[in-house]
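In what follows, chains are A, B, ... by sequence order, proteins preceding strands, each numbered from 1.
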Amino acid sequence: MIDPRILRDDPDRVRASLTKRGLSADVVDSSLAADAARRAAITEFESKRAEQKAMGKQVAQAQGEEKQALLARTRTLAAEVKEADAAQAVAARAWDDALKAMPNLTAPETPAGGEEDFTVIEHVGTPRDFAAEGFAPRDHVELGQLLGAIDLERGAKVSGSRFYFFTGAGARLHRALVNMAMDMAHANGFTEVVPPSLVKPRAMEGTGFLGQAADDVYRIEGQDLYLVGTSEVPMAAFHSDEILDADTFPLRYAAFSPCFRKEAGSHGKDTRGIFRVHWFDKVEMFVYTTLEESYAEHERLLAWEREFLDALEIAYRVIDVAAGDLGLSAYRKFDCEAWIPSQERYRELTSTSNCTDFQARRLDIRMRGEDGNTPVATLNGTLCSTNRPIIALLETHQQADGSVRVPERLRPYLGGDEVLKPVNA
RNA sequence: GGAGGCGUCGCCUAGUCCGGUCUAUGGCGCCCGCCUGCUAAGCGGGUUGAGGAGUGAUCCUUCUCUCGCGGGUUCAAAUCCCGCCGCCUCCGCCA
């Protein structure tokens with residue numbers, strides 16, 4: 001949630017941010033009203049309660065008739081306290097709900113508007129020119145079949161649409177990418193983590209995935225547990241309810257976990273292959289640091305993402321994601337979009353967000369500092385999701401005969417293999 | 001799954017049987033000060049967290065909540081009752 005003080009002291013800033021995201025700014029006024037109501041209710045309750053406590057002391061010391069008289073008065077007071085307490089709880093809840101529904105502020109650099117209104121920051125590499133080379137590129141489905149790497153038919157048979165098996169070279173590639181990513185993260189000072197991929201509502205809610213995004217989240221039937229769509233969720237909740245020592249910052253974690261997404265509302269979109277699926281694996285970077293440092297750390301996360309994509313020798317561009325496409329938690333977001341030869345366009349491969357203190361407030365993660373205990377900043381970034389890099393890699397480095405050249409940095413992770421060769425002619 | 005034990009302000013701990021004097025005890029650690037050639041020791045003070053109010057800041061003053069969480073009983077709950085969660089021990093089952 002955003003800082004309530006900003007809402008109270010500078011509501012116009014919040015309104016501007018909401019408008020930039022393409023949302024109504026009416027919630028600002030209703031929230032402020034809820035805040036005023038809440039504070040009035042608290043004052044009411046506290047004065048009644050103070051009176052009750054004072055009289056309780058008199059009761060303890062009084063005797064006989066005097067005691068009976070006091071008891072008569074305290075009985076009615078007790079009822080009033082109970083009522084005031086309930087009213088206060090209701091008001092507090094209304095305020096909390098209003099605040100929790102409000103998205104984070106946005107960075108000045110973040111472009112206004114929706115999905116199409118991003119700013120391109122940089123192009124890296126050049127898309128391969130297959131026409132000049134004299135052959136039409138196969139898409140990853142075809143390549144996956146030739147290489148015996150991806151089994152979509154059996155995926156559908158066993159688990160349904162948007163499922164698949166990685167087999168042979170595909171499974172090896174998957175393992176190679178994850179290992180390379182983890183080695184890079186380790187070399188860059190990250191602590192490796194394998195988090196649980198089932199979490200309680202608090203973790204989902206705290207990371208901002210139970211609002212509008214709830215439709216995309218799998219819930220375990222009969223239990224209060226959710227399957228995570230990214231290890232950002234368990235990693236943000238990792239330090240929930242803790243007061244951290246700022247001397248240990250930045251806390252950098254690289255977490256490997258499966259990711260589950262219902263992909264509700266994307267029927268008919270990206271139905272071919274393993275581009276948009278209900279499950280994939282991912283190595284996610286997650287950082288806790290100070291608000292002041294978060295902006296520079298965000299750039300560092302982007303640099304590490306780029307280092308990984310560079311190792312795959314694929315062409316990509318970096319975009320500054322527009323406000324309407326930030327999601328609830330992000331203040332600023334960079335996506336790296338790789339060139340997918342079969343689609344002849346750039347598609348999102350990695351994404352890094354600075355969530356500032358938005359998630360930390362929801363999850364009660366603070367740091368001890370000069371100005372008391374203040375919320376920390378959280379950031380996340382994809383180091384390596386498994387599917388889309390495999391798509392980009394197979395399609396980019398394919399050769400006319402259907403074999404695929406392995407980028408040099410990846411070779412040590414594939415037993416030194418320089419080429420993946422077709423097994424199904 | 002069954003039985004039992006435990007959960008107190010960073011850590012340890014007193015208090016719970018028998019409700020009010022708990023504004024939660026003491027120790028360790030930490031912070032500030034005094035003392036001292038220096039260090040240690042010693043002495044004094046401070047040290048849970050959150051949310052309100054008081055001339056909208058810091059400070060200060062004051063109040064409320066916080067003894068795993070949520071209810072209940074009562075004028076009054078760390079203390080009594082119920083439910084839940086977590087940890088530990090034992091039994092059963094099982095990768």
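A pairwise comparison of heavy atoms in A/Glu313 and A/His397 identifies O-CE1, 3.1 Å as the closest pair. Among all heavy-atom pairs drawn from A/Ala107 and A/Arg332, the shortest one is CB-CB, 3.8 Å.
The side-chain tip of A/Arg175 does not point at the ring of A/Tyr413 from less than 6.0 angstrom away and within 45° of straight on.
Remark on RNA chain B: of its neighbouring residues A/Asp35 and A/Asp9, the 5'-side contact belongs to A/Asp35, judged by nearest-heavy-atom nucleotide. Between A/Arg8 and A/Lys200, the residue whose closest nucleotide on RNA chain B is further toward the 5' end is A/Arg8.
Distances from the side chain of A/Ala78 to the nucleotides B/C75, B/G52, B/C65 place B/C75 closest. Across B/G49, B/A53, B/C63, the shortest atom-to-atom separation from the side chain of A/Ile243 is found for B/G49.
Using a 4.0 Å heavy-atom distance criterion, A/Arg366 is classed as a sugar-phosphate-only contact. Using a 4.0 Å heavy-atom criterion, one finds that A/Asn373 contacts the sugar-phosphate atoms exclusively. Among the atoms of the strands shown, only primed sugar atoms or phosphate atoms (P, OP1, OP2) are found under 4.0 Å from some heavy atom of A/Lys82. Backbone-only contact: A/Ile42 has heavy atoms under 4.0 Å from sugar-phosphate atoms and none from a base.
Between A/Gln52 and B/C75 there is no side-chain N or O to OP1 or OP2 distance below 4.0 Å. Put simply, A/Lys53 has no side-chain N or O that comes within less than 4.0 Å of OP1 or OP2 on B/G20. Contact annotation: A/Arg73 side-chain N/O to B/C75 OP1/OP2 distance is not under 4.0 Å. Between A/Arg75 and B/C75 there is a side-chain N or O to OP1 or OP2 distance below 4.0 Å.
Between A/Glu242 atom CD and B/G10 atom P the separation is 13 Å, expressed in whole Å. As a whole-Å value, the separation of A/Met55 CE from B/U64 P is 15 Å. If you measure from atom CD of A/Gln88 to atom P of B/U66, you get 11 Å, rounded to the nearest angstrom. Following rounding to the nearest Å, A/Arg38 (CZ) and B/A53 (P) show an atom-to-atom distance of 8 Å. Between the CZ atom of A/Arg368 and the P atom of B/U47 there is a distance of 14 Å, rounded to whole Å. A/Arg202 has its CZ atom 13 Å from the P atom of B/C69, to the nearest Å. Taking atom CE of residue A/Met1 and atom P of nucleotide B/G51, one finds them 10 Å apart after rounding to whole Å. One atom, CG of A/Asp10, and another, C1' of B/A57, lie 15 Å apart when rounded to the nearest Å.
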- Mind running ring pair (Phe, Tyr, Trp, His ring centres under 6.0 Å) on A/Phe260 and A/His278 for me, showing each step along the way? CA-CA 5 Å; A/Phe260 301 95; A/His278 290 311; 9.9 Å; no
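With both ends at atom P, the span from B/A78 to B/C59 equals 29 Å, rounded to whole Å. Distance check on atom P: B/G33 versus B/A77 gives 42 Å, rounded to whole Å. The P atoms of B/G19 and B/C91 are separated by 39 Å, rounded to the nearest whole Å. B/C43 and B/C35 have their C1' atoms separated by 8 Å, given to the nearest Å. With both ends at atom C1', the span from B/G7 to B/C67 equals 10 Å, rounded to whole Å. Comparing the P positions of B/U79 and B/C17 gives a spacing of 9 Å, expressed to the nearest Å. Nucleotides B/A95 and B/G15 are separated by 46 Å at their C1' atoms, to the nearest Å. Taking atom C1' in both B/U13 and B/C85, the straight-line distance is 24 Å, to the nearest Å.
Pairing partner, B/C60: B/G54, with both Watson-Crick or wobble hydrogen-bond distances short of 3.5 Å. Searching all strands for a Watson-Crick or G-U wobble partner of B/C65 with both distances below 3.5 Å returns B/G49. Across all strands shown, B/C38 remains unpaired; no Watson-Crick or G-U wobble contact has both distances below 3.5 Å. If you check B/G33 for Watson-Crick or wobble pairing at under 3.5 angstrom, you find it paired to B/C43. Applying the Watson-Crick and G-U wobble criteria (two distances, each under 3.5 Å), B/U16 pairs with nothing in any strand. Using the Watson-Crick or G-U wobble rule with both distances under 3.5 Å, B/G7 pairs with B/C85. Pair assignment for B/A76: none, as no Watson-Crick or G-U wobble contacts are both less than 3.5 Å. Across all strands shown, the partner of B/G1 is B/C91, judged by Watson-Crick or G-U wobble contacts whose two distances both fall under 3.5 Å.
A salt bridge links A/Glu122 to A/Arg306: one of the charged nitrogens lies within less than 4.0 Å of a carboxylate oxygen. The pair A/Glu263-A/Arg261 fails the salt-bridge criterion, with no side-chain N (NZ, NE, NH1 or NH2) lying under 4.0 Å from an Asp/Glu carboxylate O.
Between A/Glu395 and A/Gln343 the shortest side-chain heavy-atom distance does not fall below 4.5 Å.
Aromatic rings of A/His239 and A/Tyr253 (six-membered ring for Trp) have centroids within the 6.0 Å cut-off, being under it.
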